[in-house]
There are 2 protein chains.
Amino acid sequence: MSDLLERLRGRGWRMTSQRRVVAEVLNGDHVHLTADEVHVRAARLLPEISRATVYNTLGELVLLGEVMEVSTDGRAKRYDPNAHRPHQHLVCSRCGTIRDVHPTGDPLVDLPPGERFGFTLSGADVTYRGVCPACA
Amino acid sequence: MSDLLERLRGRGWRMTSQRRVVAEVLNGDHVHLTADEVHVRAARLLPEISRATVYNTLGELVLLGEVMEVSTDGRAKRYDPNAHRPHQHLVCSRCGTIRDVHPTGDPLVDLPPGERFGFTLSGADVTYRGVCPACA
DNA sequence: ATCTATGCAAAGACTTTGCATTTTT
DNA sequence: AAAAATGCAAAGTCTTTGCATAGAT
């Protein structure tokens, strides 16, 4: 749908060739790359790009709210460009692959006051676990 | 309630002084320590204990299913001794503190077949996010 | 006596940082 | 020209590993 690059341009994000290739690599659905995977793919388009820049850029995109950081167990963080559309994740317990899934009914379970321990709630994540077809 | 140490003894777990202090440190409710925190506290009871042993022991407890690994964002993994009782986590977005919360209604949302992408589902985690009283 | 856990120190995976240089606006 | 991004290399955090020694059953 909406193009990450366009959205960023619209927000007046200073554009460089490095940032452009990072945004290109991240664009799409069911994209959940690690920083290193982003670096490898970005380097195919722009060989000189450094790992540091990839990390910087990913950090920026997260701050801008355009990309979400997803941490699955002990593995490297993954970056999900679907920050604008609420969704949940289905994670393969074997290989770590992630698919986006979309709420069906009303999965946003609320927490009763007695269970809040004084916290100010901001939301809830749901992560489904299972084994993907490739690993089964 | 149930004592972690007792449960482990009952399962014929080879007991050493190191393992004993790790189990003691982990025992309780709302305990979600990092490996390093476990090491510090264990070392107060048994100064010679090494980090490697703490990591080994935590890994064992996870394999035995007596302790759960909880990964919150990019921080170090935390270890939760409440593996036996189903519960969810309420995480402070500011400081990372975790509280256990217990299902009220039926929070286990099911995923419709059309959204499974061929995965064999094994379960779902719910994590509530918010700001804890200390950080607010 | 046998079998396993421990501890050290080194390596490894992932990420961040400081600073001089280059690029964008 | 001013402001900000890049890249390098070094350091930092968290975790794992190999192997000789110590300890549990």
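Since the structure is predicted, the reported quantities are computational estimates derived from the model, not experimental observations. Each chain gets a letter, A, B and so on, in the order its sequence line appears, and its residues count up from 1. When reading the values below, keep in mind they use all heavy atoms of this one structure, side chains included, and skip hydrogens, waters and symmetry mates.
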J.: Test your reading of the model: is there a side-chain donor-acceptor pair from S93(A) to the backbone of G130(A), 3.5 Å cut-off?
T.: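 At least one qualifying donor-acceptor pair exists.
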J.: Quick one: which of dT15(D), dT6(C), dC14(C) gets closest to the side chain of Y55(B)?
T.: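 Selected nucleotide: dT15(D).
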J.: Looking only at side-chain atoms of Q18(B), point me to the closest of dA5(C), dT6(C), dT6(D).
T.: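 Shortest atom-to-atom distance from the side chain points to dT6(C).
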J.: Would you classify R75(B) as touching base, sugar-phosphate or nothing, given that sugar-phosphate means primed atoms plus P, OP1 and OP2, and contacts are heavy atoms under 4.0 Å?
T.: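 R75(B): no heavy atom of the nucleic acid under 4.0 Å.
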J.: Specify the separation, in whole Å, of atom CD of E60(A) and atom C1' of dA5(D).
T.: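 The answer, rounded to whole Å, is 9 Å.
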J.: Any luck finding a side-chain donor-acceptor pair between H32(B) and D100(B) under 3.5 Å?
T.: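 The criterion, which ignores hydrogens and geometry beyond distance, is satisfied for D100(B) and H32(B).
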J.: For the residue pair H87(A) and H102(A), categorise the inter-ring angle as parallel (less than 30°), tilted (30 to 60°) or perpendicular (more than 60°).
T.: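 Answer is tilted, since the angle falls between 30° and 60°.
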J.: Just the rounded figure in Å: distance from P of dG7(D) to CZ of R19(A).
T.: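 The distance from CZ of R19(A) to P of dG7(D) comes to 12 Å, rounded to the nearest Å.
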J.: Where do C92(B) and V131(B) come nearest, in terms of heavy atoms and distance?
T.: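 So the minimum-distance heavy-atom pair works out to SG-CA, 4.0 Å.
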J.: Please give, in whole Å, the distance from dC14(D) P to Y79(B) OH?
T.: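 In whole Å, dC14(D) P lies 12 Å from Y79(B) OH.
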J.: At under 4.0 Å between heavy atoms, how does the protein contact nucleotides 18-25 of chain D? Give one character per nucleotide, 5' to 3', with B, S or -.
T.: -----BBS
J.: Any carboxylate oxygen within less than 4.0 angstrom of a Lys/Arg side-chain nitrogen, looking at E69(B) and R78(B)?
T.: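 Here E69(B) does not pair with R78(B) in a salt bridge, since their nearest N and O are not under 4.0 Å apart.
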J.: Looking at residues 38-48 of chain A, who's got a heavy atom less than 4.0 Å off DNA chain D?
T.: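 Within this stretch, E48(A) sit under 4.0 Å of the strand.
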J.: Considering the options L61(A), V62(A), L33(A), which one meets the side-chain contact (heavy atoms from CB on, under 4.5 Å) requirement together with Y79(A)?
T.: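 Per the side-chain contact (heavy atoms from CB on, under 4.5 Å) rule, the option paired with Y79(A) is V62(A), out of L61(A), V62(A), L33(A).
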J.: From dG7(D), dT6(D), dG7(C), pick the nucleotide closest to the side chain of T57(A)?
T.: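 Comparing dG7(D), dT6(D), dG7(C) against the side chain of T57(A), the answer is dT6(D).
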J.: Less than 4.0 angstrom from a charged side-chain N to a carboxylate O is my criterion; do E66(B) and R11(B) meet it?
T.: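 Here E66(B) pairs with R11(B) in a salt bridge, since their nearest N and O are under 4.0 Å apart.
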J.: Rounded to whole Å, please give me the gap between NZ in K77(A) and C1' in dA13(C).
T.: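 Nearest whole value for this atom pair: 13 Å.
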J.: Does a side chain donor of either H30(B) or D80(B) reach within less than 3.5 Å of an acceptor in the other side chain?
T.: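 No, D80(B) and H30(B) have no side-chain donor paired with an acceptor closer than 3.5 Å.
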J.: Set out, in order, the CA-CA distance, both residues' side-chain angles and the distance that settles side-chain contact (heavy atoms from CB on, under 4.5 Å) for E48(B) and Q18(B), then state yes or no.
T.: CA-CA 9 Å; E48(B) 332 79 86; Q18(B) 290 85 341; 5.9 Å; no
